[in-house]
K.L.:
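Please read through the structure below; I'll follow up with questions.
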Amino acid sequence: QVQLVESGGGLVQAGGSLRLSCVASGRAFSTYGMGWFRQAPGKEREFVAGIAFNGADLYRTELVKGRFTISRDNDKQMVYLQMNSLKPDDTAVYYCAADTMGWGLPARARYAHWGQGIQVTVSS
């Protein structure tokens with residue numbers, strides 16, 4: 001069983017930066033694609049960024065291109081989301097998730113394991 005725990009969220013002013021981290025338990029982390037999703041109040045959970053098991057392929061929604069960067073460290077079993085130039089519309093609960101098929105593609109159904117989520121609030 002994979003457990004995922006997010007950290008690094010909080011309150012930041014518009015234009016600021018935050019770095020989210022997610023640590024994974026279990027032995028198969030290096031075979032999983034990893035993704036970050038977010039859910040704002042009253043909205044569907046949406047894909048933000050994904051990374052393949054080997055870090056070679058990256059995916060990001062158009063809303064965050066040029067501002068957010070996903071990365072991973074397989075030795076530490078960590079995945080990160082660096083968020084720059086934050087906007088109030090980025091306010092949401094952010095979730096780390098594991099794609100056991102390995103590629104970190106945007107489809108939510110690929111992700112079998114989820115963290116508990118962490119709040120990010122961007123003030124204007």
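Just so you know, these numbers come straight off a predicted model, no measurement behind them.
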K.L.:
What pairs meet the side-chain hydrogen bond (donor to acceptor under 3.5 Å, both in side chains) rule with one or both residues in residues 27-36, with sequence neighbours excluded?
P.N.:
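side-chain hydrogen bond (donor to acceptor under 3.5 Å, both in side chains) check on residues 27-36 returns no pairs.
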K.L.:
Does a side-chain heavy-atom distance below 4.5 Å link Val79 with Ile70?
P.N.:
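Yes, at least one pair of side-chain atoms sits under 4.5 Å.
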K.L.:
Check side chain to side chain donor-acceptor pair (under 3.5 Å) between Arg19 and all other residues, then give those that pass, not counting sequence neighbours.
P.N.:
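Arg19: no side chain to side chain donor-acceptor pair (under 3.5 Å) contacts found.
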K.L.:
Taking the side chain as every heavy atom from C-beta outward, state whether Val64 and Arg38 have any atom pair closer than 4.5 Å.
P.N.:
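Yes, at least one pair of side-chain atoms sits under 4.5 Å.
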K.L.:
Report yes if some heavy atom in the side chain of Ser21 is under 4.5 Å from a heavy atom in the side chain of Met78; otherwise report no.
P.N.:
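Side-chain contact under 4.5 Å: yes.
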K.L.:
For a 4.5 angstrom cut-off between non-hydrogen side-chain atoms, does Leu20 reach Glu6?
P.N.:
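Answer no - side chains too far apart.
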K.L.:
Report the residues that fulfil side chain to side chain contact (heavy atoms under 4.5 Å, CB included) with Asp89, sequence neighbours left out, ordered by chain and then residue number.
P.N.:
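With sequence neighbours excluded, Asp89 shows a side chain to side chain contact (heavy atoms under 4.5 Å, CB included) to no residue whatsoever.
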K.L.:
Residues in side chain to side chain donor-acceptor pair (under 3.5 Å) with Arg110, at least two apart?
P.N.:
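Arg110 satisfies side chain to side chain donor-acceptor pair (under 3.5 Å) with Asp99 once adjacent residues are dropped.
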K.L.:
So, taking the atom named CZ in Arg45 and the one named CZ in Arg108, what distance separates them when rounded to the nearest 0.5 Å?
P.N.:
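Result: 5.0 Å between the selected atoms.
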K.L.:
What residue pairs, at least two apart or across chains, pass disulfide bond (SG atoms under 2.5 Å apart) with a residue in residues 47-95?
P.N.:
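Of all non-adjacent pairs touching residues 47-95, none passes disulfide bond (SG atoms under 2.5 Å apart).
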K.L.:
List the residues meeting side chain to side chain donor-acceptor pair (under 3.5 Å) with Asp73, not counting sequence neighbours, and say none if there are none.
P.N.:
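Testing Asp73 for side chain to side chain donor-acceptor pair (under 3.5 Å), a comparison that skips the adjacent residues, returns none.
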K.L.:
How far does CG of Asp75 sit from CZ of Phe29, to the nearest 0.5 angstrom?
P.N.:
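One gets 10.0 Å once the value is rounded to the nearest 0.5 Å.
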K.L.:
Do any pairs count as a ring-ring contact (aromatic ring centres under 6.0 Å, His included) and have a residue in residues 57-110, sequence neighbours left out, and if so which ones?
P.N.:
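Matches after skipping sequence neighbours: Phe53-Trp103.
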K.L.:
Holding to side chain to side chain donor-acceptor pair (under 3.5 Å), I want the full list of residues that pass it with Lys43, two or more places apart in sequence or in another chain.
P.N.:
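By the side chain to side chain donor-acceptor pair (under 3.5 Å) rule, Lys43 matches no residue at all.
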K.L.:
Show me the pairs that pass salt bridge (charged side-chain N to carboxylate O under 4.0 Å, His left out) and involve residues 76-87, at least two apart or across chains.
P.N.:
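Matches after skipping sequence neighbours: none remain.
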K.L.:
Not counting sequence neighbours, which residues clear side chain to side chain contact (heavy atoms under 4.5 Å, CB included) with Val122? List them please.
P.N.:
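Scan of Val122 (side chain to side chain contact (heavy atoms under 4.5 Å, CB included), adjacent residues dropped) gives Val12, Ala14, Leu86, Pro88, Asp90, Thr91, Val120.
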K.L.:
Any pair with a residue in residues 8-103 that passes disulfide bond (SG atoms under 2.5 Å apart), sequence neighbours left out, goes on the list, sorted by first then second residue, please.
P.N.:
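For residues 8-103, and leaving out neighbouring residues, the disulfide bond (SG atoms under 2.5 Å apart) pairs sorted by first residue read Cys22-Cys96.
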K.L.:
Please determine whether the number of non-hydrogen atoms from other residues, nucleotides or ligands lying under 6.0 Å from atom CD of Gln3 exceeds 12.
P.N.:
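No.
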K.L.:
In the hydrophobic clustering that connects Ile, Leu, Val, Met, Phe, Trp and Tyr at side-chain heavy-atom distances below 4.5 Å, which members other than Leu11 occupy its cluster, ordered by chain and number?
P.N.:
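None, because no other hydrophobic side chain comes under 4.5 Å of this residue.
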